[in-house]
There are 2 protein chains.
Amino acid sequence: MTLAHHVPPLHAPDLETALEVLRKKGLRVSASRRLVLEALYADRRPRTAEQIANGTDVASVYRNLDTLEELGLVRHVHLGHGPGLYSLDEYEFVSCDGCGAYEAIEPHRLDEARAAIQKAIGYHARFTHFPIVGLCEYCHAHP
Amino acid sequence: MTLAHHVPPLHAPDLETALEVLRKKGLRVSASRRLVLEALYADRRPRTAEQIANGTDVASVYRNLDTLEELGLVRHVHLGHGPGLYSLDEYEFVSCDGCGAYEAIEPHRLDEARAAIQKAIGYHARFTHFPIVGLCEYCHAHP
DNA sequence: TCGCAATTGCGATCGACTTGCAATTAGACT
DNA sequence: AGTCTAATTGCAAGTCGATCGCAATTGCGA
């Protein structure tokens, strides 16, 4: 499972603003909390809790990811059967059943598809927790 | 997490044909294999391995589900963080982030949405392993 | 600088599978 | 019908990702 591509332009509260959100909720900006956020902001790719922990205690990392998720600063996506991947609240995801590659998609690119889904079944879809799964053009053409 | 709705018309090889597929591959139709298939055919709703095992050994059930999955007779979907749900290869799924309900959708109903996705990102999407996640009309209207 | 609730670190625990292996058995071949 | 043998089972133990209990620590407001 590899990340195929280019990294598209982003748009999310910067690190300082995120820390401010924590403080405003009466939550502490502890060293480990700051490290979790810094890891996510450093390289804005989705990563596992294990990778974020990077040798330190994962339990705390999971707890911090949970609270950050409740604040809407962080999300996680399941791309397959492995561990969930945590990232800033920026993209939707698509992954290929054939080659295992996945891509982060800017939400506006899926707006027409979202409209078609709404028309078909009435749901307002979001591919943030589970990706769109399918065959990429290459795998579809070379079965 | 409840199953909201009506059960739509189906189309999948009947039990006898499925057993025939097994035999043709040189695989045995053992008692427990037959029980797994019967459970799936009896009430064609997705169910957990635990439910299929129904008190008997789950390891065998998982092994049998795996082999049936390799033969294309069975699939499993992840609707959330719980255990996967196994079912015949018939529907796609949609689940509501708000109320937790999920629906089995006849594939043809999603064909336009699939086309829109293909146009947007080039993927031929299938919502069989991960559902479309979003807000149902009710939850979207009552936030 | 104190006080103390929020947070951490560690180990234990959980849930969902998965695996190793000896005992069982479906089904082909007499 | 009986034999042979590889496929399959049942059970226990193991793995992996995530969560929990709890004593020790630490942000941070007073």
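Every heavy atom of this structure was used, including side-chain atoms; hydrogens, water molecules and symmetry mates were not. Quantities reported herein were computed from a predicted structural model and do not represent experimental measurements. So that the names make sense, note that chain A is the first sequence line, chain B the second, and so on, each numbered from 1.
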Strictly below 4.0 Å, heavy-atom distances to any atom of DNA chain D: list the hits from residues 66-73 of chain A, or just say none. none
For a quick check, with a 4.0 angstrom heavy-atom cut-off, what is the B/S/- contact string for nucleotides 22-30 of chain C, read 5' to 3'? ---BBS---
Nonpolar side-chain network containing A:V133, other nodes, edges under 4.5 Å: A:F130, B:F130, B:V133
In the hydrophobic clustering that connects Ile, Leu, Val, Met, Phe, Trp and Tyr at side-chain heavy-atom distances below 4.5 Å, which members other than B:L35 occupy its cluster, ordered by chain and number? none
Where does DNA chain C pair, written as one dot-bracket string 5' to 3', with Watson-Crick or G-U pairs under 3.5 Å, ( ) inside the strand, [ ] for crossing pairs and | for another strand? ||||||||||||||||||||||||||||||
What protein N or O atoms touch nucleotides 9-11 of chain C N or O atoms at under 3.5 angstrom, if any, and at what distances?
unit_1	atom_1	unit_2	atom_2	d
C:dG9	N7	A:R63	NH2	2.8
C:dG9	O6	A:R63	NH1	3.1
C:dG9	O6	A:R63	NH2	3.3

Under 4.0 Å, counting only non-hydrogen atoms across every strand here, what does B:G26 touch: a base, just sugar-phosphate, or nothing? nothing
Partners meeting ring pair (Phe, Tyr, Trp, His ring centres under 6.0 Å) with A:H124 (sequence neighbours left out): B:H140
Could you list the residues that satisfy side-chain hydrogen bond (donor to acceptor under 3.5 Å, both in side chains) with B:D66, not counting sequence neighbours? none
Remaining members of A:L135's ILVMFWY cluster at a side-chain heavy-atom cut-off under 4.5 Å? none
Sequence neighbours excluded, the answer for ring pair (Phe, Tyr, Trp, His ring centres under 6.0 Å) partners of B:Y86 is B:H76
Only counting residues at least two apart or in another chain, list the ones meeting ring pair (Phe, Tyr, Trp, His ring centres under 6.0 Å) with A:H142. A:Y138
Suppose we screen for ring pair (Phe, Tyr, Trp, His ring centres under 6.0 Å). Which residues come up paired with B:Y41, at least two apart in sequence or across chains? none
